[in-house]
Amino acid sequence: MNGRREDGKSPVFPFLPFMGKGAQRADRGGVYEIYKKRDKTMKEKTIKHILTLEGDGREVLVEGWIRTRRDSKEVSFIAVNDGSTMNSIQVVLERTFPGYDEINPRLVNGASVSIKGKLVPSLGKEQSAEVSPLEIKILGDASPEEYPLQKKRHSFEFLREIAHLRPRTNTFGSVMRVRNAMSFAIHKYFNDNGFVYVHTPIITGSDCEGAGEMFHVTNFDLNNIPRVEGKIDYTKDFFGKEASLTVSGQLNAEIYALALKNVYTFGPTFRAEKSNTSRHLAEFWMIEPEMAFCDITGNMDTAEHFIKYILRYVLDNCADDMNFFNSMIEKGIIENLEHIAASEFGRITYTDAVNELKKSGQKFEFPVEWGIDLQSEHEKFLTQEVYKKPVIVTDYPKDIKAFYMKLNDDGKTVRAMDVLVPRLGEIIGGSERENDYNKLLGRINDMGLNEKDYWWYLELRKYGSAPHSGFGLGFERLIQFVTGMQNIRDVIPFPRCVDTLDF
RNA sequence: UCCUCUGUAGCUCAGUCGGUAGAGCAGUUGGCUGUUAACCAAUUGGUCGUAGGUUCGAGUCCUACCGGGGGAGCCA
């Protein structure tokens with residue numbers, strides 16, 4: 001085989017369009033040659049691809065799981081789905097098909113099949129082409145009396161209990177395809193914008209990340225923990241010191257930003273907080289850009305530009321899945337995202353936001369006062385009622401924010417920023433970092449932290465310090481925002497939460 | 001951790017004033033039709049989360065515990 005398709009058209013090379021013209025030329029001897037030698041790419045075998053073809057009698061191989069079968073007197077209609085798209089392909093099995101009586105009862109919801117057949121025009125209304133089978137192999141049966149997934153709607157709570165099967169549903173298939181597209185878009189955005197992807201560590205020895213409760217990492221025999229004078233002797237542990245799972249890659253990312261200018265991290269993050277809400281996970285994925293020679297304004301610009309880019313990318317590349325969310329999960333979400341991608345985010349200082357909330361006349365469970373942290377109800381009121389779009393709140397009181405945030409000239413506020421979005425509230429937290437050695441040292445001491453723990457962080461301000469900024473974006477929250485899924489446990493393949501560690 | 005709602009058939013739910021358990025879907029059987037989460041008919045299926053208590057009698061009222069949802073806090 002020489003890479004030609006049966007229809008005589010050029011073969012499809014899935015990732016060449018993402019490369020620049022120069023890259024395509026340069027690859028003629030490399031990637032291109034490798035692809036040319038392949039009979040069929042994996043992409044060409046997907047139902048998503050087959051559904052784009054014309055029903056001109058060509059032979060196709062359909063491999064997937066049966067979603068439903070409808071029997072008629074003369075024919076059976078089988079919907080096969082392989083997750084490459086939310087759409088299923090229809091296979092029409094004539095009663096005269098050899099072995100019909102033996103095969104047809106096994107073609108049930110959930111069974112996996114490999115069907116060779118001809119792609120022909122459909123007599124039905126909802127598809128232009130369908131498969132007329134030549135050969136049907138049942139690869140894996142699924143007992144109808146036991147298979148938990150039905151054709152009807154299930155509750156998300158039930159599906160969480162069968163997380164090994166839920167990706168076969170429309171909703172979770174769509175969520176995971178969109179999650180994938182967003183992951184790709186994130187890397188593409190940063191790559192195209194001069195950022196270097198830095199792999200910050202998962203295991204950390206610094207308990208100074210300051211973003212929440214940490215999970216401990218130990219190699220001790222827990223039934224026999226070495227102690228000295230009653231206290232745990234960490235010098236005997238694997239790393240010779242206390243170790244944890246990271247709660248943020250930020251401090252490490254700052255190191256690389258102050259060497260490579262623009263960097264980002266995108267990896268798992270762990271918080272041992274006993275948060276029991278629809279917006280929290282114990283293990284989640286976080287995106288943390290960090291930019292040298294960048295102040296809080298540049299930070300806000302990047303955050304806004306980035307979010308709009310991701311929204312635009314999903315709207316342009318995941319139309320089928322987004323239409324599903326739009327009709328089944330959150331009515332009007334497409335219009336909502338289109339609006340957000342096209343409009344300027346609101347920008348307001350904390351001080352102005354407090355005044356705005358006070359004069360709104362709105363009654364809050366927690367009264368608003370300068371100096372308190374904004375509560376969820378305040379954040380949602382700002383973004384949903386006042387602005388009706390995302391809003392960036394900046395310059396918070398220093399006492400309610402982290403030690404590393406840059407102090408403003410007023411001595412009372414820091415250059416922090418939170419991006420608030422409708423439906424969810426806070427989706428991004430970030431700041432310009434304090435780059436003055438003495439001011440940072442002062443903040444560390446003021447907050448009762450041990451400056452020895454921060455020696456390398458302080459040295460970054462001692463040698464070639466530069467203004468720099470960054471933010472953290474919760475990936476799953478962004479997926480919630482894009483898909484309209486209400487519970488964060490339903491936008492990650494296998495959620496980890498308090499008292500939940502299944503699968 | 002706190003507040004709140006909830007737990008009934010494989011799934012989604014109803015169950016009145018405390019009177020002894022029901023629907024839709026799924027499954028099974030039959031019928032019908034180029035069907036579109038097909039349709040029509042029949043039918044199987046429940047220790048009402050668990051343990052106590054009140055009562056002649058508890059799915060229903062009370063107590064405790066367990067599971068799940070929503071909200072709050074913490075945060076992304």
Side-chain angles (χ1 to χ4, degrees), chain A residues 66-79 81 87-95 105 108-110 120-127 130 132 142-162 169-170 209-213 247-250 268-288 303 328 364-366 373-380 400-402 418-421 424-430 471-481 486-492 497-500:
Chain A
I66 293 175
R67 281 292 176 82
T68 177
R69 186 190 83 221
R70 295 175 293 274
D71 285 335
S72 184
K73 189 161 199 172
E74 301 301 330
V75 291
S76 288
F77 302 94
I78 306 145
N81 185 287
N87 301 311
S88 300
I89 195 163
Q90 175 160 288
V91 178
V92 184
L93 183 59
E94 305 268 346
R95 198 166 277 255
V108 293
N109 182 25
V120 297
S122 177
L123 302 178
K125 286 173 186 166
E126 306 206 357
Q127 60 278 318
E130 63 191 20
S132 175
S143 163
E145 283 162 34
E146 293 173 31
Y147 188 58
L149 285 177
Q150 298 177 8
K151 293 183 225 173
K152 292 278 174 182
R153 191 185 157 78
H154 290 289
S155 69
F156 292 137
E157 294 79 30
F158 171 69
L159 292 173
R160 266 172 232 151
E161 295 169 8
I162 50 168
T169 62
N170 284 336
E209 289 175 354
E213 287 293 313
V247 292
S248 165
Q250 180 201 319
T269 307
F270 308 88
R271 304 267 169 99
E273 251 108 37
K274 294 194 173 175
S275 305
N276 221 329
T277 81
S278 56
R279 319 186 299 284
H280 288 87
L281 291 166
E283 176 182 300
F284 64 100
W285 287 64
M286 190 153 64
I287 299 124
E288 295 179 287
M328 303 298 288
F364 296 109
E365 192 186 339
F366 297 91
D373 208 353
L374 295 180
Q375 306 289 316
S376 281
E377 56 173 343
H378 305 142
E379 294 180 342
K380 285 180 183 169
I400 58 173
K401 287 294 181 182
D418 284 359
V419 179
L420 314 178
V421 297
L424 277 174
E426 185 181 344
I427 196 167
I428 280 180
F471 58 84
L473 169 75
F475 185 43
E476 283 75 17
R477 285 192 186 172
L478 188 61
I479 301 172
Q480 280 186 278
F481 184 60
Q486 296 199 334
N487 196 309
I488 200 166
R489 298 171 193 200
D490 299 328
V491 297
I492 189 166
C497 314
V498 199
D499 290 328
T500 305

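Below, chain A is the first sequence line, B the second, and so on; all start at residue 1.
At B/G71, none of the side-chain N or O atoms of A/Arg279 fall inside 4.0 Å of OP1 or OP2 (strictly under the cut-off). Between A/Ser376 and B/G71 there is no side-chain polar atom (N or O) within less than 4.0 angstrom of OP1 or OP2. The phosphate of B/C75 (OP1 or OP2) has no side-chain N or O of A/Thr277 nearer than 4.0 angstrom. For A/Arg489 and B/G69, the shortest distance from a side-chain N or O to OP1 or OP2 is below 4.0 Å. Within the 4.0 Å cut-off from OP1 or OP2 of B/U35, not a single side-chain nitrogen or oxygen of A/Arg70 is found. Here A/Lys73 reaches the OP1 or OP2 of B/U33: one of its side-chain N or O atoms lies under 4.0 Å away.
Rounded to whole Å, the distance from CG on A/Asn87 to P on B/U36 is 17 Å. Rounded to a whole Å, the NZ atom of A/Lys152 is 12 Å from the P atom of B/U36. Summarising the geometry, the separation between CD on A/Gln375 and P on B/A72 is reported as 10 Å, rounded to the nearest angstrom. Spacing between atom CZ of A/Arg67 and atom C1' of B/A38 amounts to 17 Å, rounded to whole angstrom units. Between A/Leu159 atom CG and B/G68 atom P the separation is 16 Å, expressed in whole Å. Atom-to-atom, CD of A/Glu146 to P of B/A26 comes out at 18 Å; the value is rounded to the nearest Å.
Put simply, the side chain of A/Glu94 never gets that close to the backbone of A/Val75: no donor and acceptor are under 3.5 Å apart.
Here A/Arg95 does not pair with A/Asp71 in a salt bridge; the nearest charged N to carboxylate O distance is not below 4.0 Å.
Across all strands shown, A/Arg160 has heavy atoms under 4.0 Å from sugar-phosphate atoms exclusively, and none from any base. A/Arg69 comes within 4.0 angstrom of no nucleic acid atom, judged by non-hydrogen atoms across all strands. Across all strands shown, A/Ser155 has heavy atoms under 4.0 Å from sugar-phosphate atoms exclusively, and none from any base. A/Asn487 comes within contact range of the sugar-phosphate backbone alone, with a heavy-atom separation under 4.0 Å but no base atom that close. As judged by a 4.0 angstrom heavy-atom cut-off over every strand, A/Ser275 is placed among the base-contacting residues. Nucleic acid contact for A/Gly124: base, since at least one base atom lies under 4.0 Å from a heavy atom of the residue. Within 4.0 Å (heavy atoms only), A/Gln486 reaches no atom of the nucleic acid at all. At the heavy-atom level, A/Asp71 lies under 4.0 Å from base atoms of the strands shown. Within 4.0 Å of A/Ile427, counting heavy atoms only, lie sugar-phosphate atoms of the nucleic acid but no base atom.
Under 3.5 Å, the side chain of A/His280 and the base of B/C75 form at least one donor-acceptor pair of N or O atoms. For a distance-only test at 3.5 Å, the side chain of A/Glu157 fails to qualify as a donor-acceptor partner of the base of B/U12. Judged by distance alone with a 3.5 Å cut-off, no donor-acceptor contact links the side chain of A/Glu126 to the base of B/U35.
Taking a 6.0 Å sphere around CD of A/Glu283, one finds it holds more than 12 heavy atoms contributed by other residues, nucleotides or ligands.
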### Query
Which string of ( ) [ ] | and . matches RNA chain B, if you list each base 5' to 3' and count Watson-Crick or G-U pairs only when both distances are under 3.5 Å?
(((((((..((((.....[..)))).(((((.......))))).....(((((..]....))))))))))))....
### Message
Protein within reach of the bases, or only the backbone? For nucleotides 4-10 of chain B, mark each nucleotide 5' to 3' as B, S or -, using heavy atoms under 4.0 Å.
### Response
------B
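No side-chain donor from either of A/Gln486 and A/Arg279 sits under 3.5 Å from a side-chain acceptor of the other.
Annotation: B/C17 and B/G59 have their C1' atoms spaced 15 Å apart (nearest Å).
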